[in-house]
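Okay, so here's the structure we're looking at.
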Amino acid sequence: MKRAVKSLDEMLGCVPDHIQQEVNLSFDISDRIDFLMRERGLTKKQFAEALGRRPSEITKWLSGQHNFTVATLSMLSTFFGKSIITVG
């Protein structure tokens, strides 16, 4: 009988390394933003208002599925006074 369910490792083994890296980076960025928001005691609504954005956009950012531009990352780093990402 053919096995219908693959293990997570088998499924991920089919994903190219650069795609896995992209996903990991996306979640690292969203986790960093979430951490900095919590550090400041900001809700999604408060954070959105402070940036002039919609709460739904913040939700997308925190989902780990948003493709951030350098401009947005720079704006967020300035807002928090801390780096969102480290290069090098």
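Nothing here was measured: the structure is a model prediction, and the numbers come from that model. In what follows, residues are counted from 1 in the order of the sequence shown. Atom set for the values below is all heavy atoms of this structure, side chains included, hydrogens, waters and symmetry mates excluded.
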Interatomic distance, OG1@Thr72 vs CD@Glu57, rounded to 0.5 Å, equals 7.5 Å
Determine, step by step, whether Leu76 and Leu51 satisfy the side-chain contact (heavy atoms from CB on, under 4.5 Å) criterion, reporting the C-alpha distance in whole Å, the side-chain angles of both residues, the deciding distance to 0.1 Å, and the verdict.
-> CA-CA 9 Å; Leu76 292 170; Leu51 297 176; 3.8 Å; yes
Is there a path of hydrophobic side-chain contacts, each under 4.5 Å between heavy atoms of I, L, V, M, F, W or Y residues, that connects Phe27 with Phe68?
-> no
Grab the two heavy atoms, one from Gln20 and one from Val15, that are nearest each other, plus how far apart they are.
-> NE2-O, 3.0 Å
Look at the aromatic rings of Trp61 and Phe47 and report parallel, tilted or perpendicular, splitting at 30° and 60°.
-> perpendicular
Quick one: list whatever passes side chain to side chain donor-acceptor pair (under 3.5 Å) with Thr43, sequence neighbours left out.
-> Gln46
Rounded to the nearest 0.5 Å, how far does NE2 of His66 lie from OG of Ser30?
-> 11.0 Å
Can you find a heavy atom in the side chain of Glu22 that is under 4.5 Å from one in the side chain of Ile19?
-> yes
May I ask you to test the Asp28-Arg32 pair for a side-chain heavy-atom distance under 4.5 Å?
-> no
Charged N to carboxylate O below 4.0 Å: is that the case for Asp34 and Arg38?
-> yes
Here the gap from Lys60 atom NZ to Asn67 atom CG, rounded to the nearest 0.5 Å, amounts to 9.0 Å
In this structure, are over 12 heavy atoms from other groups packed under 6.0 Å from Arg54 atom CZ?
-> no
Rounding to 0.5 Å, atoms NZ (Lys44) and CD1 (Ile58) come to a distance of 9.5 Å
Mind listing the side-chain donor-acceptor pairs of residues 77-85 below 3.5 Å, one per line with the distance, residues two or more places apart or on another chain?
residue	atom	partner	partner atom	Å
Ser77	OG	Leu73	O	3.0
Ser77	OG	Ile84	N	3.2
Thr78	OG1	Ser74	O	3.0
Lys82	NZ	Glu39	OE1	2.7
Lys82	NZ	Glu39	OE2	3.3

Give a yes or no on whether Val23 and Leu25 share a hydrophobic cluster (residues Ile, Leu, Val, Met, Phe, Trp, Tyr; joining criterion: side-chain heavy atoms under 4.5 Å apart).
-> no
What is the minimum heavy-atom distance between Ala48 and Pro55, and which atoms define it?
-> CB-N, 3.6 Å
